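Remarks on the structure that follows.
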Protein chains: 2
Amino acid sequence: MISSDEVPQPAAPTPSRREQNKAATRQAIADAALNLLRGKGPGNFTVEDIAEAAGISRRTFFNYFSSTEAALASVTNGFLDHALRQFRLRPAEEPILESARAALMQLADPMTVAPMAELFTLTQQNSSLVRSELEAWDHCTEQIIIAAKERVAKTPGAAIDELYLRALAGSVISCGKAAMDVWFAQCGADLSPASLSVLRQLLIDAIGHLGAGFASPAHSSTATPFKDRL
Amino acid sequence: MISSDEVPQPAAPTPSRREQNKAATRQAIADAALNLLRGKGPGNFTVEDIAEAAGISRRTFFNYFSSTEAALASVTNGFLDHALRQFRLRPAEEPILESARAALMQLADPMTVAPMAELFTLTQQNSSLVRSELEAWDHCTEQIIIAAKERVAKTPGAAIDELYLRALAGSVISCGKAAMDVWFAQCGADLSPASLSVLRQLLIDAIGHLGAGFASPAHSSTATPFKDRL
DNA sequence: TGCGCAGAGTGCAAAAATGCACATAGTGTA
DNA sequence: TACACTATGTGCATTTTTGCACTCTGCGCA
């Protein structure tokens, strides 16, 4: 293996109290919304309920999110941001596909996927919620494009091919989403090591297909050994 | 027994979000201070530590309390406020001494005395902290005087005798404090039912002495049966 | 003695949270 | 249809929290 999936963290300079509070509030709202979704089902609770459960006023809720759906989408956003952060941490000289693979691999972690898995099972039936989930994936695509551009800009003499980048980013996200979809369908919200290993393999396979130009659409499945990829 | 120790609560009209937040912050500060006192001992932590543990800024701490000691004293204040609230709930026509007895009796409750008991054991050695505790008791005395005046004002034709009220309030508080002191000395921070029953009896006895004009300073102790009092 | 420093406490302006009023939209109902 | 009612979303004034820059005091140390 050329590079590890782990990259040394550049140390976080303890955000200001303001930043911490905002992050905590944001998180409290997302948690409250997810709890209510779990307890009452989609459409059976109001913004006021969320605010109350989060310990803030209704007005403050709207200072953070434009709607209930936006609040729930923040769970997905948080999930995807995690991957994005990992992507940014990869060395600039690494092939982008390999960086993407490593970043996506970080998602197969219990703490990370848990809220996402639950949200997925709870929103699958509700078209409105599913739509806002898609928006989150799309937003992440845009972020990846930006991150990729930054990386290319670091490499002297390399020109930015807009189409190439956008197609690549979109494809990578699609592969990630496809892996998640298949995983949910196969394993549900199961977070056992075995299930997570399946997710990992799905992610690897999906990126593998992408890297191979989708050469052999035949079997693939989760049996493909890791060493055969990139 | 003429009247019960329990009085129907007039129902709390859910305070505003602002009120709730302020109360929560106040409580968080007091808890953080008590935790640090427990963990590091008096004098071994700063206002900044408290603020950090409470999840607020140092400046905000000073918006609530003027010093570390004031924050710790709020534990005592909360304890005494509880008794004061009970006092205010008693019917106006009840003899004041009986109201006081009933109010003090409410203090012999595990949830109520727990923080107080711990604070007591932790501050006993520190003169500065003990002083601010005394201030809290004194503050409570003033509050009782106010509450008693309000009660007298409710009774038509009754004149307010300043000296009588002040002497009475001070004496009642002294009796309460004496009972607590003896209890701590006897039982430490023990919160078992047996220990709380001792506290109850001490409170009853102390008020009993007061009601009897301190007639017989002889034995008393915790053996005195309840029915012999008031 | 003088100096550096950590911590207490305060004034002030910027930022965040809140209450409140209002416009709007959907829903059940007489 | 008209009306009451509930919930969303927003504008604005007020209150609270925060960051920052002080001042002041006590303490260790050269």
Side-chain angles (χ1 to χ4, degrees), chain A residues 12-37 39-74 123 126-129 131-132 135, chain B residues 12-37 39-74 123 126-129 131-132 135:
Chain A
T14 312
S16 75
R17 176 55 48 198
R18 272 210 167 104
E19 302 300 323
Q20 292 181 54
N21 288 354
K22 287 182 80 165
T25 300
R26 212 179 179 72
Q27 190 61 50
I29 294 175
D31 289 349
L34 190 49
N35 272 334
L36 284 167
L37 182 65
K40 305 195 168 188
N44 297 116
F45 56 96
T46 70
V47 168
E48 184 132 32
D49 296 331
I50 302 176
E52 176 56 34
I56 57 165
S57 75
R58 196 176 73 96
R59 193 61 184 80
T60 301
F61 172 92
F62 286 110
N63 287 349
Y64 281 83
F65 299 105
S66 61
S67 67
T68 299
E69 293 161 21
L72 287 169
S74 86
T123 55
N126 188 293
S127 65
S128 170
L129 288 173
R131 223 176 303 134
S132 77
E135 210 176 301
Chain B
T14 313
S16 75
R17 177 58 44 198
R18 274 212 164 102
E19 301 299 323
Q20 292 182 53
N21 288 354
K22 287 182 81 163
T25 299
R26 212 180 179 70
Q27 191 59 51
I29 295 174
D31 290 348
L34 190 50
N35 272 333
L36 284 166
L37 183 65
K40 305 195 167 190
N44 296 117
F45 57 96
T46 68
V47 167
E48 183 133 32
D49 296 331
I50 301 176
E52 175 58 33
I56 56 165
S57 75
R58 196 177 74 98
R59 193 61 184 80
T60 301
F61 172 93
F62 285 110
N63 287 348
Y64 281 82
F65 299 103
S66 61
S67 66
T68 298
E69 292 161 20
L72 287 171
S74 85
T123 55
N126 188 294
S127 65
S128 170
L129 287 174
R131 223 176 304 134
S132 75
E135 210 175 303

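This is a predicted model, so every value here is computed, not measured. A, B, ... follow the sequence lines: proteins, then strands. Residue 1 opens every chain.
The closest side-chain heavy-atom distance from A:E48 to A:F61 is not below 4.5 Å. Residues B:F62 and B:V47 form a side-chain contact, since some pair of their non-hydrogen atoms from C-beta on lies under 4.5 Å apart. A 4.5 Å side-chain heavy-atom check between A:L37 and A:T123 finds at least one atom pair inside the cut-off.
Partners of A:R17 according to the salt bridge (Lys or Arg N to Asp or Glu O under 4.0 Å) rule, which considers only residues two or more places apart in sequence or in another chain, are B:E52. Judged as a side chain to side chain contact (heavy atoms under 4.5 Å, CB included), and not counting sequence neighbours, the contacts of A:S132 are A:E69, A:A73.
Across every non-hydrogen atom of B:I29 and B:I50, the tightest pair is O-CG2, 3.9 Å. Contact between A:A54 and A:A28 at its shortest, heavy atoms only, is CB-O, 3.8 Å. Of all non-hydrogen atoms in B:F65 and B:S74, the two that sit nearest each other are CE2-CB, 3.5 Å.
Residue A:Q20 places its CD atom among more than 12 non-hydrogen atoms of other residues, nucleotides or ligands, all under 6.0 Å distant.
Nearer to the 5' terminus of DNA chain C, by closest-nucleotide assignment, is the contact made by A:R18 (compared with the other of A:I56 and A:R18). Nearer the 5' end of DNA chain D, as judged by each residue's closest nucleotide, is the contact made by A:S66, out of A:S66 and A:R17. In terms of position along DNA chain C, the nucleotide closest to B:S67 lies nearer the 5' end than the nucleotide closest to the other residue of the pair B:S67 and A:F61.
Atom CZ of A:R131 is separated from atom OG of A:S128 by 5.0 Å, given to the nearest 0.5 angstrom. The distance from atom NZ of B:K40 to atom OG1 of B:T46, rounded to the nearest 0.5 Å, is 8.0 Å.
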### Message
Output one letter per nucleotide in nucleotides 20-27 of chain D: B when a protein non-hydrogen atom lies under 4.0 Å from the base, S when only the sugar-phosphate is that close, - when neither is.
### Response
BB------
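Atom-to-atom, CG of A:N63 to C1' of D:dC12 comes out at 12 Å; the value is rounded to the nearest Å. Between the P atom of D:dG19 and the NZ atom of A:K22 lies a distance of 12 Å, rounded to the nearest Å.
Formation of a donor-acceptor pair under 3.5 Å by the B:N21 side chain with backbone atoms of B:R18 is not found in this model. Judged by distance alone, with hydrogens and angles left aside, the side-chain atoms of B:T60 form no donor-acceptor pair with the main-chain N or O of B:N63 at under 3.5 Å.
A heavy-atom distance below 4.0 Å to DNA chain C is reached by these residues of residues 39-53 of chain B, ordered by number: B:T46, B:V47. Applying a 4.0 Å cut-off to non-hydrogen atoms, none of the residues of residues 25-35 of chain B approaches DNA chain C.
Nucleic acid contact for B:Y64: sugar-phosphate only, since backbone atoms but no base atoms lie under 4.0 Å from a heavy atom of the residue.
For DNA chain C, the span of nucleotides reached by chain B at under 4.0 Å from its heavy atoms goes, 5' to 3', from C:dG7 to C:dG19.
Applying the 4.0 Å criterion to OP1 and OP2 of D:dT17, one finds that B:T60 has every side-chain N and O outside that range. Listed pair A:N21 / D:dT18 meets the phosphate criterion, a side-chain N or O lying under 4.0 Å from OP1 or OP2.
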